[in-house]
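Right, one structure below, let's go through it.
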Amino acid sequence: MVRTRELFAPTLRQISGEVELASHRLLLRAGFVRQLAAGMYSLLPLGLRVVRKVENIVRQEMDAAGAQELFLPALHPLELWEKTGRAQYWGDELMKLKDRTGRPFCLGGTHEEVVTQLASEVKSYRELPFTLYQIQTKFRDDPRPRGGLVRVREFTMKDAYSFDRDVAGLDCSYDKMVAAYHRIMERVALPYHVVDASGGGIGGWDTKEFELPTESGESHYLRCDSCGYAATPEVAQYKREVQTAGEDELPLERVETPGQRTIDQVTEFLGVPPEKLVKTLIYQADERVVAALVRGDRDLSEDKLQVAVEAKKLEMAAAATIERVSGAPVGFAGPVGIKEVEILADEELRGERNFVTGGNEDDLHLRNVNWGRDFEVNQWADLRNGEAGDLCPGCGGPLTAYRGIELAHVFKLGTIYSEPLAAHFLDEDGERKPMVMGCYGLGTTRMMAAIVEHSHDDAGIVWPMSVAPYEVVIILLNHDDEEHRAVAEKLYEELPQEGFEVLLEDRFERAGVKFKDADLMGIPGQVVVGRLAAEGKVEVRRRGGESRTVQVGDAGTALREILSTNLPA
RNA sequence: CGGGGCGUAGCGCAGCUUGGUCAGCGCGCCUGCCUUGGGCGCAGGAGGUCGGCGGUUCGAAUCCGCCCGCCCCGACCA
């Protein structure tokens with residue numbers, strides 16, 4: 001219940017051409033948010049109401065799933081992040097600061113460490129399982145914030161953590177959270193795809209992202225439109241066609257390639273298509289050094305390589321290592337004659353003959369290289385990113401490239417936090433074990449942006465009922481007309497009693513301005529008090545939908561009907 | 001972090017190439033009149049160290065250097 005005359009919601013008629021994303025433009029124009037600095041936004045009263053509604057939906061579903069809400073500090077001792085190795089892993093993305101005594105702290109980018117330490121108070125299997133969650137501000141010093149509220153440096157997120165005695169228990173806790181997420185997406189009226197993803201370098205498995213499919217999204221994934229299989233390129237499985245060598249093996253040739261290091265350069269220089277090249281990528285896998293081979297036009301998936309070599313830690317080998325094993329400057333490594341490394345080759349190369357590789361000498365490449373003859377493959381594996389056009393592993397249909405906004409992310413952590421932080425319990429058998437954890441994130445401010453991104457038209461935002469900042473706006477057109485004003489005031493009095501959240505548009509503005517702003521703000525129900533008020537009638541409309549003229553006394557009934565769906569038909 | 005763009009009145013922009021009636025426009029704001037169903041109309045008015053610092057010059061919004069900030073593409077992203 002508020003009057004627009006008192007509402008702090010400055011609307012903008014124009015906005016800089018630099019602001020590109022629809023959600024960003026509309027949330028700014030409609031007076032929901034303001035930018036303080038790159039990736040930092042103030043939520044104005046209307047924006048806050050939307051976020052609160054999203055939060056309440058999330059809260060209800062979390063509670064219904066048996067999770068318990070708590071509230072953890074945003075400020076963490078850096079030491080805690082060092083125990084799990086994440087201070088280093090996150091690097092500059094973690095916002096660090098010191099207190100007056102010089103003790104190092106950080107602003108939490110997430111809360112696994114803090115919640116795990118808290119959970120370590122659990123002593124017995126009898127206290128398990130449980131799931132904790134909070135709705136908290138997160139800080140991430142992203143190298144490039146973008147897209148308005150989609151990717152920012154300070155944002156609010158619901159993060160939940162489950163604690164179980166074993167993996168079977170985790171699976172159960174995880175399934176409950178996933179089910180809750182499905183209901184949340186339904187309630188905020190967003191379409192979504194559940195996408196298999198990578199747990200990232202820190203570990204975890206069964207990682208899934210809930211993605212809003214939209215061209216303006218920044219995540220990329222592949223999806224089979226016939227059976228619904230979806231995955232990020234790094235983890236996407238695909239059906240491999242049986243490859244047969246189509247050509248005879250030709251004699252190996254050395255070819256001078258002065259200064260030609262990259263695939264593009266070599267392709268250009270030798271005049272061969274990139275699929276005839278084979279990339280040799282040298283990685284440090286824990287203590288070992290491995291060479292991964294993929295076709296020149298493909299991208300290596302570090303996730304798949306890491307699985308194939310069963311390494312805890314995988315990173316590009318240092319230049320010195322590459323030079324040692326290949327005997328050549330970076331850019332000329334190849335499988336023929338390389339030393340001290342295991343060679344892993346992408347399955348796809350089984351069908352390749354006579355390809356071009358680095359020559360392990362400065363400015364040298366080799367032509368007509370063949371595996372088996374010129375070098376031995378130690379291990380064949382799927383090592384490349386999936387691509388659009390690959391075949392679905394389930395049904396064989398083609399995979400399509402999608403872009404999306406990542407709304408939520410779930411994954412199974414196992415004991416990767418409970419072990420270093422000593423979150424143990426005594427099991428039935430008297431054995432001391434680390435708790436088995438899962439974690440479940442959902443960005444609430446991002447969700448507001450995603451809803452706008454998905455639901456708007458040329459005139460402005462079209463909020464679903466479930467998260468609209470107000471459900472009904474009474475638009476009083478002529479403020480000077482006593483009769484009209486009386487009708488508007490009566491509605492403003494009565495509609496809340498009928499259960500509606502009401503905004504009264506009573507500013508000293510012209511009718512046009514009020515209509516434009518009402519559409520821009522996207523309030524689902526509009527009650528227009530205008531000329532017809534003299535006859536005791538008002539116009540009841542759905543933003544983006546139908547409109548009808550009714551007696552003032554019937555406005556509530558008409559609104560109930562017209563607003564019975566979450567989004568206009 | 002690499003590439004590109006931008007920074008001039010509260011907001012949106014022009015001016016910069018070619019230095020000198022260039023401190024300009026639209027919207028908003030204030031006053032008065034008028035109007036009240038889709039960002040009215042008329043008249044008058046206030047408001048800017050041209051992102052910052054330094055340099056070139058008789059003279060800099062304009063040219064040069066450094067810095068800061070913001071946007072976009074890429075790298076990165078639990």
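Chain naming here is simple, since letters A, B, ... match the order of the sequence lines and numbering starts at 1 in each.
Listed by chain and number, the residues in a salt bridge (Lys or Arg N to Asp or Glu O under 4.0 Å) with A/Glu209 amount to none (sequence neighbours excluded). With sequence neighbours excluded, no residue forms a ring pair (Phe, Tyr, Trp, His ring centres under 6.0 Å) with A/Tyr133. Partners of A/Arg3 under the salt bridge (Lys or Arg N to Asp or Glu O under 4.0 Å) rule, at least two apart in sequence or in another chain, are A/Glu489, A/Asp506.
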Can you check nucleotides 25-34 of chain B for protein contacts, nitrogen or oxygen pairs under 3.5 Å, and list what you find?
from	atom 1	to	atom 2	distance (Å)
B/G26	N2	A/Gln14	NE2	2.9

List, with names and distances, any nitrogen or oxygen atoms from the protein found under 3.5 Å away from nitrogen or oxygen atoms belonging to nucleotides 68-70 of chain B.
from	atom 1	to	atom 2	distance (Å)
B/C70	OP1	A/Ala38	N	2.7

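Close to B/G41, at under 4.0 Å from its OP1 or OP2, lies no side-chain N or O of A/Arg510. Phosphate proximity of B/C71 to A/Ser16: absent, as no side-chain N or O sits under 4.0 Å from OP1 or OP2.
With salt bridges taken as basic N to acidic carboxylate O contacts below 4.0 Å, none links A/Arg541 and A/Asp519.
No engagement by A/Thr110 is indicated, since no non-hydrogen atom pair under 4.0 Å with the nucleic acid exists.
The distance from atom CZ of A/Arg507 to atom P of B/G39 is 14 Å, rounded to the nearest whole Å.
Checked by distance alone, A/Asp517 brings a side-chain donor or acceptor within 3.5 Å of a matching partner on the base of B/G39.
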Acceptor/donor pairs from residues 146-154 of chain A side chains to any protein atom, 3.5 angstrom cut, sequence neighbours excluded:
from	atom 1	to	atom 2	distance (Å)
A/Arg151	NE	A/Asp142	OD1	3.2
A/Arg151	NE	A/Asp142	OD2	2.9
A/Arg151	NH1	A/Glu218	OE1	3.0
A/Arg151	NH2	A/Asp142	OD1	2.7
A/Arg151	NH2	A/Asp142	OD2	3.3
A/Arg153	NE	A/Ala38	O	3.1
A/Arg153	NH1	A/Asp141	OD1	3.4
A/Arg153	NH2	A/Ala38	O	3.4

